[in-house]
Enquirer: 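Mind having a look at this structure? Questions to follow.
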Amino acid sequence: MPQPLITVLSAHRHPRLRYTLKELGRDLGYQFQLMTDREKWTASSADAKVVYGEAKKGETAWPAHPVLQGADAGAKDLTVDSKEGTPRFFASGEGHDLLACIFFALSRYEEYKAFTPDHHGRFPASESHAQQHGYLERPVVREWATLLADSLRRDFPTLPPPKRRPFTFQPTYDIDILWAWQHRGLRGIGAGIKDFFSGRFGRAWRRFTAPKEQDPFQTLAYIQSLHPRTRPQIFWLLSNGQDRRDTNPYPIPPAQEALIQELAEQSTIGIHPSYHSSDRPELIREEIARLKGIIGRNPLHSRQHFLRFRIPQTYRELQRSAITNDHSMGYADAVGWRAGTNLPFHWYDLERESMTGLLVHPFAAMDGTLKDYLQLSVPEALRKVETLAEDVRPFGGVFPLLWHNSSFSDDYGWAGWREMYEDCIKFLGDEPTVSG
């Protein structure tokens, strides 16, 4: 069935406007055709017609802000008006340019500007417009898209409703370290000594005496059992082991290579570029080559370790390395929707004013964010995830969570979180086949 066609009359065809209409169309299931010739627009036989900017009497019009013509956004442009429920900015005429709002969120416009990084050099949630104005946990791009669709359908009652997507849970896992006790070398010995002198005698003893199948981080079989109907996404940290924050063993043990090869047949396998890869792009290429050597093909998916990435540098390097999907779009210090949406979207290179082929996949929340950054209790964390999901469910689409294989161990501070996670995935629509 062909997509409904909406022709948009505009005084310009700036790449920002073309990009935003494409992404809006992907969300709603409509095809937007941008036109600058009024006579051709009037003569078109589209399902709906809208003017972006100044319109004649009786025409459907959307407010137009100069930011989608390439203008800079100033502080006044970002003043938020929430009187009608959904936050809006980019005031224009008697309304607000919702297309400009969508572009601001998806392009990550604010991350190209000067900001105060956190101690890992990241753009933190506290610097974001969404966090500062209280809408980070809302899928505002989906809300704005719905408002635009509603305005069209009021004036064009025969226009079909927007595309309905099922709500689906997407589990994603980062494997920073596959074993707590095995294959740790000098690091493992040092960790055992540290445990002993800090009073964790039982854990120190088990580190050196427990059978390998009891290693608390070897949870991949359990993880697979949690998702009988869903293909998990698994991201492997394969660093050269030269930074203490890159905790994987190196050289990569044969047992780990064998497990990666086995899981590549059951899951979507991606690379987890190391801590300094956002500063040293050659590391991304090295680590991708390492994973390719194990699975026999170039990985297409990636997520940055520690969520350290800089726009546009990191995304350009991922593209040069033939990565087509990045899954880093979230914050370590807050839950919610960094780009205002739960749907994958194409990255727009703001410096080059160009839509790219890199598909960006947002995620809703990370285990470490809930436990360590926000310091939520287990019941509070469960409720936070449920609330995020309920806010997205009416719009449909994917609901990704970021978890770690190491976040199920009572020995390492995660008592109660295994059960919490099982409750999460039941609530989100996936049914575990094992428990405990």
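In this chain, numbering begins with 1 at the start of the sequence shown.
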Enquirer: Using salt bridge (charged side-chain N to carboxylate O under 4.0 Å, His left out) as the criterion, point out the one residue from Arg142, Lys163, Arg164 that pairs with Asp27.
Expert: Arg142
Enquirer: Would you compute the distance between atom NZ of Lys113 and atom OH of Tyr109 and round it to the nearest 0.5 angstrom?
Expert: 3.5 Å
Enquirer: Kindly say whether the aromatic ring centers of His120 and Phe306 come within a distance under 6.0 Å.
Expert: yes
Enquirer: For Thr36 and Arg13, does a side-chain donor sit closer than 3.5 Å to a side-chain acceptor?
Expert: no
Enquirer: Take atom NZ in Lys49; do more than 12 heavy atoms of anything else shown fall under 6.0 Å from it?
Expert: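 Atom NZ in Lys49 is crowded, with more than 12 foreign heavy atoms closer than 6.0 Å.
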Enquirer: Contact between Leu343 and Val141 at the side-chain level, heavy atoms closer than 4.5 Å - yes or no?
Expert: no
Enquirer: Go through the steps to decide whether Gln304 and Thr314 satisfy the test side-chain hydrogen bond (donor to acceptor under 3.5 Å, both in side chains), and finish with yes or no.
Expert: CA-CA 9 Å; Gln304 293 294 123; Thr314 305; 5.2 Å; no
Enquirer: Below 4.0 angstrom, N of the basic side chain to O of the carboxylate: do Arg290 and Glu257 qualify?
Expert: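 Judged by the 4.0 Å cut-off on N to carboxylate O distance, Arg290 and Glu257 do not form a salt bridge.
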Enquirer: Decide yes or no on salt bridge (charged side-chain N to carboxylate O under 4.0 Å, His left out) for Arg280 and Glu317, but give the supporting numbers first.
Expert: CA-CA 10 Å; Arg280 296 172 50 199; Glu317 183 56 39; over 6 Å; no
Enquirer: Show, in sequence, the C-alpha distance, side-chain angles and deciding distance for Leu21 and Tyr19, and conclude whether the side chain to side chain contact (heavy atoms under 4.5 Å, CB included) test is met.
Expert: CA-CA 6 Å; Leu21 289 174; Tyr19 166 77; over 6 Å; no
Enquirer: Using ring centroids (six-membered ring only for Trp), state whether Phe123 and Phe115 fall under 6.0 Å.
Expert: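 Under 6.0 Å, so yes.
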Enquirer: Would Phe235 and Ile175 satisfy side chain to side chain contact (heavy atoms under 4.5 Å, CB included), going step by step from the backbone distance to the final call?
Expert: CA-CA 6 Å; Phe235 300 89; Ile175 314 297; over 6 Å; no
Enquirer: Side chains of His301 and Gln233: donor-acceptor distance under 3.5 Å anywhere?
Expert: no
Enquirer: Can a side-chain donor-acceptor contact be found between Thr356 and Asp349 if the only test is distance below 3.5 angstrom?
Expert: no
Enquirer: Tell me which one of Leu5, Thr20, Ile6 satisfies side chain to side chain contact (heavy atoms under 4.5 Å, CB included) with Phe32.
Expert: Ile6
Enquirer: Nearest 0.5 Å, what's the CD-CD distance between Glu127 and Glu111?
Expert: 10.5 Å
Enquirer: Go through the side-chain N and O atoms of Asp176 and His272 and say whether any donor and acceptor fall under 3.5 Å apart.
Expert: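 Their side chains do contain a donor-acceptor pair, which is all the 3.5 Å distance test asks for.
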Enquirer: Scan side-chain atoms only and decide if Asp326 and Ser328 contain a donor-acceptor pair under the 3.5 Å cut-off.
Expert: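 Their side chains do contain a donor-acceptor pair, which is all the 3.5 Å distance test asks for.
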Enquirer: Within the supplied structure, the quantity of interest is the number of heavy atoms (other residues, nucleotides, ligands) at a distance under 6.0 Å from Glu84 CD; does it exceed 12?
Expert: no
Enquirer: Flag this pair as yes if the NZ/CZ of Arg16 is under 6.0 angstrom from the six-membered ring centre of Phe103 and inside a 45 degree cone about the axis; otherwise no.
Expert: no
Enquirer: Is the closest side-chain donor-acceptor distance between Ser274 and Glu287 under 3.5 Å?
Expert: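 On atom types as modelled, these side chains qualify, holding a pair under 3.5 Å.
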Enquirer: What's the separation between atom NZ in Lys371 and atom OG in Ser377, rounded to the nearest 0.5 Å?
Expert: 12.5 Å
Enquirer: Could you check, using the six-membered ring where one of them is a Trp, whether Phe309 and Tyr315 have ring centers closer than 6.0 angstrom?
Expert: yes
Enquirer: Could you check Arg229 against His227 for side chain to side chain contact (heavy atoms under 4.5 Å, CB included), going step by step and ending with a plain yes or no?
Expert: CA-CA 6 Å; Arg229 297 185 298 274; His227 309 295; over 6 Å; no
Enquirer: Which value, rounded to the nearest 0.5 Å, describes the distance between Arg297 atom CZ and Leu291 atom CG?
Expert: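 The distance works out to 8.5 Å.
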Enquirer: Is any side-chain heavy atom of Tyr421 closer than 4.5 Å to one of Leu382?
Expert: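 Not in contact.
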Enquirer: Any donor-acceptor pair under 3.5 Å linking the side chain of Glu265 with the backbone of Glu262?
Expert: no
Enquirer: After noting the C-alpha distance and the side-chain angles of Leu358 and Thr324, does the key distance pass the side chain to side chain contact (heavy atoms under 4.5 Å, CB included) rule?
Expert: CA-CA 5 Å; Leu358 181 67; Thr324 58; 5.5 Å; no
Enquirer: Working to the nearest 0.5 angstrom, can you tell me the gap between Leu226 CG and Arg418 CZ?
Expert: 8.5 Å
Enquirer: Using side-chain hydrogen bond (donor to acceptor under 3.5 Å, both in side chains), reason through Trp62 and Ser151 one step at a time and then give a plain yes or no.
Expert: CA-CA 9 Å; Trp62 289 344; Ser151 74; 3.0 Å; yes
Enquirer: For the CD atom on Gln132, are there more than 12 heavy atoms of other groups (residues, nucleotides or ligands in this structure) within a distance under 6.0 Å?
Expert: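 Counting neighbours around CD of Gln132, more than 12 heavy atoms of other residues, nucleotides or ligands fall under 6.0 Å, so yes.
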Enquirer: Please assess Thr219 against Asn405 for the test side-chain hydrogen bond (donor to acceptor under 3.5 Å, both in side chains), listing each intermediate value before the final yes or no.
Expert: CA-CA 6 Å; Thr219 57; Asn405 62 301; 4.6 Å; no
Enquirer: Is it the case that the side chains of Glu286 and Ser277 hold a donor-acceptor pair, with the cut-off being a distance below 3.5 Å and no angle test?
Expert: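 Their side chains do not contain a donor-acceptor pair, so the 3.5 Å distance test is not met.
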Enquirer: Checking salt bridge (charged side-chain N to carboxylate O under 4.0 Å, His left out) for the pair Arg383/Glu386: CA distance, chi angles, key distance, verdict?
Expert: CA-CA 5 Å; Arg383 183 58 195 148; Glu386 290 175 345; 3.4 Å; yes
Enquirer: So, do Phe395 and Phe167 have ring centers that fall under 6.0 Å from each other?
Expert: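 No, they do not, as the ring centres are separated by 6.0 Å or more.
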Enquirer: Which heavy-atom pair separates Leu106 from Ala339 by the least distance, and what is that distance?
Expert: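 Leu106 and Ala339 have their closest heavy atoms at CD2-O, 3.7 Å.
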Enquirer: Please report the shortest heavy-atom distance between Asp77 and His65, naming the atom on each side.
Expert: OD1-NE2, 2.8 Å
Enquirer: Treating Gln69 as the side-chain partner and His12 as the backbone partner, does any N or O pair qualify as donor plus acceptor under 3.5 Å?
Expert: no
Enquirer: Should the pair Arg18 and Tyr52 be classed as cation-pi, given the thresholds of under 6.0 Å to the six-membered ring centre and 45° from the axis?
Expert: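 Judged by the rule, Arg18 and Tyr52 form no cation-pi pair.
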Enquirer: Where do Arg231 and Ala264 come nearest, in terms of heavy atoms and distance?
Expert: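 The answer is NH2-O, 3.8 Å.
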Enquirer: Any luck finding a side-chain donor-acceptor pair between Thr86 and Glu143 under 3.5 Å?
Expert: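 Indeed, the side chains of Thr86 and Glu143 share at least one donor-acceptor pair under 3.5 Å.
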Enquirer: When you measure from the side chain of Ser239 to the backbone of Gly241, do you find a donor-acceptor pair of N or O atoms at a distance under 3.5 Å?
Expert: yes
Enquirer: May I ask you to decide if Leu78's main-chain N or O and His129's side chain share a donor-acceptor pair within less than 3.5 Å?
Expert: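 Yes, because the side chain of His129 sits within donor-acceptor range (under 3.5 Å) of the backbone of Leu78.
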Enquirer: Counting the benzene-type ring for Trp, do Phe217 and His404 have ring centres under 6.0 Å apart?
Expert: no
Enquirer: Evaluate Ser82 against Arg88 for side-chain hydrogen bond (donor to acceptor under 3.5 Å, both in side chains), listing each step before the verdict.
Expert: CA-CA 6 Å; Ser82 298; Arg88 306 159 197 240; over 6 Å; no
Enquirer: Do Glu353 and Tyr348 pair up side chain to side chain, a donor and an acceptor below 3.5 Å, judged on atom types alone?
Expert: yes
Enquirer: Which heavy-atom pair separates Arg285 from Ser321 by the least distance, and what is that distance?
Expert: CG-OG, 3.5 Å
Enquirer: On a heavy-atom basis, which atom in Asp333 and which in Tyr373 lie closest, and how many Å separate them?
Expert: CA-CD2, 3.6 Å
Enquirer: For Leu388 and Trp337, work out which heavy atoms get closest and say how close.
Expert: CD2-NE1, 4.5 Å
Enquirer: How are the rings of Phe89 and Phe104 set to each other: parallel, tilted or perpendicular (split at 30° and 60°)?
Expert: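 Rings of Phe89 and Phe104: perpendicular, as their planes differ by over 60°.
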Enquirer: To the nearest 0.5 Å, how far apart are CG in Leu28 and CD in Glu23?
Expert: 11.5 Å
